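Accompanying notes for the structure given below.
As the structure is a computational prediction, the values presented were derived from the model and not from experiment. Sequence positions, counted from 1, serve as the residue numbers for this chain.
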Amino acid sequence: MEKKFQHIADLSEICFQEGIKYIVISPGSRNAPLINAFYDKFRDSCFSIVDERSASYFGMGLARYSGQTVVLICTSGTAVLNYSPAIAEAYYSGVSMLVITADRPAEWIDQQDNQTIRQQNVYANFIKGSFHLPENINDLKAVHKTIREAIKLSRSGLAGPVHINVPVDEPLYFDIPPASNLGKPSAAARVKSLEMPADLISAWKKAKGILIVHGQDHPLSGVSYVLQMLSVRKNVVVVAENISNVRRGNVINSDDLLLRHSGHLLKTDPDLLIYSGGQVVSRWMKKYLRDLKNVETWRFGPEDYEMDTFRQNNRIISHHAKEVYEYLYSIPSPEITEETFRKSWLEALDFTNEKISQMLGSMPFSEVTSMKTILEMVPEGSVLELGNSTPVRIFQFFSYPRDVEVFSNRGVSGIDGCMSAAVGTATASKKLTILLIGDLSFVYDSNALWNRRLPSNLRIIIFNNSGGGIFNLLEGPSEKPAFQDFFIASHPVDIQKLAEAFNLHYFCCRSEDELIKTLPGFFEQSEKAGVLEIKTHQENNKIAYLKMMNK
């Protein structure tokens, strides 16, 4: 029998050996041995966040920006369940996290003991893997192998969260022994060689119209450059929304506006459709792609599950998109005498841009005009975090500074952890990090500000339309008697007082002139984070949004 908590000491040491840098801990008693072991090893790389839901989104933001595995540690019971939303987001966004939960010994499960639930496989529907360490350690090497396997799994293929459940018996405040002699860290996983199907190569060579749609992606994925190069070929159109972090060249970012305003100018359908990256925001783009007939379709991506987003019976190459696109770029372009397909898309883009430019000049002060002003004034080299619901949709209307990185919780697209994730991003990036968020999302996730190490480089811009304004923009909800109370769901929170309660700088704007004057000072370096509340009228927001949507 090994020393008490030897496996916990070794768990911490293996994480350190495997290059893990960030540990996010929520206080508790059952996880006391885990807290002590990880703090002894990682010290200032440990973050203490009480609210497990906020802590897990914070950890996801850290992991997503840094591209590194982040460890979460919590106590037993409902604390474990509070991790669930962020784990689901990480799973569908491809973010590596090692979720370590303390548990009660098996004999106390279902026995009305405190903070005790069935924790094994608790995240089964949205986790890459679940591991359960034994209560009595008779084979320490087997435990070491399990831990390394869990870390490796979280980083392989499409990265994602992995769960290690650790039963802990009393006494809990027992001294943690030194780590065992663990040997060398595990070797890097072998990368599967790329094998290109002959029929894809054949389709690529003969297609007169190739449509590439690239969804959300990390700025450092490496795919941006090769897509820019492909976008200038005579038979290729590249559509990549702003959250893809792909721009320049002839890449089309405003797909939603183009289809709504200029879809009638698209003269021919593609012969070959290729889809890569994460989610696409535009509902109209999804509809356009799902309505295509007889188009050969391929999906590039390392997901662990089958995906056919556009219902085209697509075939899949389970490889990172960058490598596949680089291979396709190496194939010479066919001789194209008529550029009808590509030319019609670029003409539609020009027509859309001119029409939108004319419309913006006559719009009232609203979320749409505020977004335009903000994006024109955002300092280059910044990081943008986009809240879900209205902000991420309005953001797609505009171009934005080239040297800006963009992130958003679009794996599952909930509003519940947008601010906590942004705090994680700001902590990891050390750059000016600007969160664009609605008032309902801000209030929902206000515990994100309950962070003793809240980074001073964080700036939060709140579009306050007095509730869930997006439902004012959708067809249907406003016609129902439950609309105000159960869709708009306005709140009584005074955002200025909430900001002051967390000792943040506070600014407020009610007009375009105020916004233009306020933003430069708001973006300046400061000793603490800041909040800018933009107060708009729902009716003006609706007028502006529907104009942009060509309604």
Could you list all the salt bridge (charged side-chain N to carboxylate O under 4.0 Å, His left out) pairs where at least one residue sits in [range], not counting sequence neighbours?
range: residues 71-95; answer: none
range: residues 212-226; answer: none
range: residues 164-176; answer: Arg30-Glu170

Would you check if there is a donor-acceptor pair between the side chains of [Y] and [X] at a distance under 3.5 Å?
X: Thr425; Y: Ser429; value: no
X: Asn503; Y: Lys528; value: yes
X: Asn388; Y: Ser413; value: no
X: Asp256; Y: Ser282; value: yes
X: Gln216; Y: Ser408; value: no
X: Asp103; Y: Ser76; value: no
X: Gln228; Y: Ser224; value: yes
X: Ser456; Y: Ser526; value: no

Are Tyr275 and Phe310 close enough that their ring centers fall under 6.0 Å? yes
Using the test salt bridge (charged side-chain N to carboxylate O under 4.0 Å, His left out), find all partners of [X] that sit at least two apart in sequence or belong to another chain.
X: Glu500; answer: none
X: Glu241; answer: none
X: Arg118; answer: Asp110
X: Arg104; answer: Asp113

pair [X]-[Y]: side-chain heavy atoms closer than 4.5 Å:
X: Val168; Y: Phe5; result: yes
X: Arg459; Y: Leu532; result: no
X: Ile534; Y: Ile374; result: yes

Ionic contact status for Lys145 with Glu149, cut-off 4.0 Å: no
In terms of the angle between their ring planes, are Tyr325 and His214 parallel, tilted or perpendicular, with boundaries placed at 30° and 60°? perpendicular
Listing request: all ring-ring contact (aromatic ring centres under 6.0 Å, His included) pairs with a residue in [range], at least two apart in sequence or in separate chains.
range: residues 128-182; value: Tyr123-His163
range: residues 63-88; value: Tyr65-Phe407
range: residues 16-42; value: Phe16-Phe42, Phe38-Phe42

For Phe47, give me all partners under ring-ring contact (aromatic ring centres under 6.0 Å, His included), at least two apart in sequence or on another chain. Phe58
Partners meeting ring-ring contact (aromatic ring centres under 6.0 Å, His included) with Phe397 (sequence neighbours left out): Tyr545
Run the numbers on Ile252 and Val238 for side-chain contact (heavy atoms from CB on, under 4.5 Å), then give the verdict. CA-CA 6 Å; Ile252 296 172; Val238 176; over 6 Å; no
For Lys21, does the NZ atom have more than 12 heavy-atom neighbours from other residues, nucleotides or ligands under 6.0 Å away? no
Which atom names give the shortest non-hydrogen contact between Gly411 and Gln279, and what distance separates them? O-NE2, 3.3 Å
What verdict does the side-chain hydrogen bond (donor to acceptor under 3.5 Å, both in side chains) test give for Arg155 and Thr69, after you've listed the backbone C-alpha separation in whole Å, the side-chain angles of each residue and the deciding distance to 0.1 Å? CA-CA 7 Å; Arg155 296 167 169 172; Thr69 307; 2.9 Å; yes
Under the side-chain contact (heavy atoms from CB on, under 4.5 Å) criterion, do Ser93 and Arg410 qualify, and how do the steps go? CA-CA 7 Å; Ser93 295; Arg410 295 302 295 176; 6.0 Å; no
